[in-house]
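Reading through the structure tokens given below for one structure.
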Amino acid sequence: MKRSKRKPELRRRRHRRVRTKVEGTPERPRLCVFRSNKHIYAQVIDDWNQRTLVSCSSLSPELRDQVGRGSTVESAARVGQLLGKKCIENGIAALVFDRGGYRFHGRVRALAEATRAQFAEGGTKGF
């Protein structure tokens, strides 16, 4: 099988492996990240009640003007900042991070660190 066809399947396997260990609860929901070639998406999920509590992406109306074309570490950081603000507004004090089978590197790391920084500014635990 060609590497380009096998790569998404390998990421899905890694994500399933991570998901056996990471679970979002009502007190500490799961921050799940999806990364495409052009954009980055993040959502906060309560797995017990099967609800998405907060979501944000580089396509969000609040960020569409700020984020330029293409996917960069800077746009991922802005998504993380906005997500952190939305979480604090909705009363979410702590999260569990689910990297979605991606390496904790580049855009995924920038999103996580920006979200942590927002939680620190808001005076909550974060993750």
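Start at 1 with the first residue, then count along the sequence.
For residues 90-105, the salt bridge (Lys or Arg N to Asp or Glu O under 4.0 Å) pairs, not counting sequence neighbours, are R30-D98.
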* **From CA spacing to verdict: side chain to side chain contact (heavy atoms under 4.5 Å, CB included), V44, I92** => CA-CA 9 Å; V44 176; I92 299 169; 4.0 Å; yes
* Asked: Run the side chain to side chain contact (heavy atoms under 4.5 Å, CB included) check on F34 and Q43 step by step: do they pass?
  -> CA-CA 9 Å; F34 177 76; Q43 53 185 345; over 6 Å; no
* Chi angles and distances behind the side chain to side chain contact (heavy atoms under 4.5 Å, CB included) call for T25, R28 -> CA-CA 5 Å; T25 64; R28 196 171 166 136; 3.6 Å; yes
* Chi angles and distances behind the side chain to side chain contact (heavy atoms under 4.5 Å, CB included) call for E62, K86 -> CA-CA 12 Å; E62 301 95 341; K86 284 184 175 183; 3.9 Å; yes
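Formation of a donor-acceptor pair under 3.5 Å by the Y102 side chain with backbone atoms of V108 is not found in this model. Remark: the backbone N or O of H39 is paired with a side-chain donor or acceptor of S36 at under 3.5 angstrom.
Annotation for R109: atom CZ does not count as buried by contact number, only 12 or fewer foreign heavy atoms lying within 6.0 Å. Heavy atoms from other residues, nucleotides or ligands lying under 6.0 Å from CD of Q50 number 12 at most. Counting heavy-atom neighbours within 6.0 Å of R51 CZ, excluding the residue itself, gives a total of 12 or less.
Here the closest non-hydrogen pair linking Q118 and Q81 is CG-O, 3.3 Å. The nearest pair of heavy atoms linking D46 to G24 is OD1-O, 3.8 Å. In this structure, R64 and L59 approach most closely via the heavy-atom pair NH2-O, 2.8 Å. Contact between R107 and A76 at its shortest, heavy atoms only, is O-CB, 3.4 Å. The two residues H15 and G100 come nearest to each other via the heavy atoms CD2-CA, 3.4 Å. Taking all atoms of both residues into account, the shortest heavy-atom contact from A110 to V73 is CB-CG1, 3.4 Å.
Using a 30° and 60° split on the angle between ring planes, F104 and F97 fall in the perpendicular class, above 60°.
Atoms CZ and CZ, from R16 and R11 in turn, are 10.0 Å apart once rounded to the nearest 0.5 Å.
Checked options I40, L82, L111, T115; the residue passing with C56 is L82 (criterion: side-chain contact (heavy atoms from CB on, under 4.5 Å)).
Here E89 pairs with nothing under the salt bridge (Lys or Arg N to Asp or Glu O under 4.0 Å) rule; sequence neighbours left out.
At a threshold of 4.5 Å between side-chain heavy atoms, the hydrophobic network of Ile, Leu, Val, Met, Phe, Trp and Tyr places F119 and V79 in one connected group. Using a 4.5 Å cut-off between side-chain heavy atoms of Ile, Leu, Val, Met, Phe, Trp and Tyr, with links allowed through other members, V96 and I45 fall into different hydrophobic clusters.
In this structure, E113 does not pair ionically with R116, as no charged nitrogen and carboxylate oxygen lie closer than 4.0 Å.
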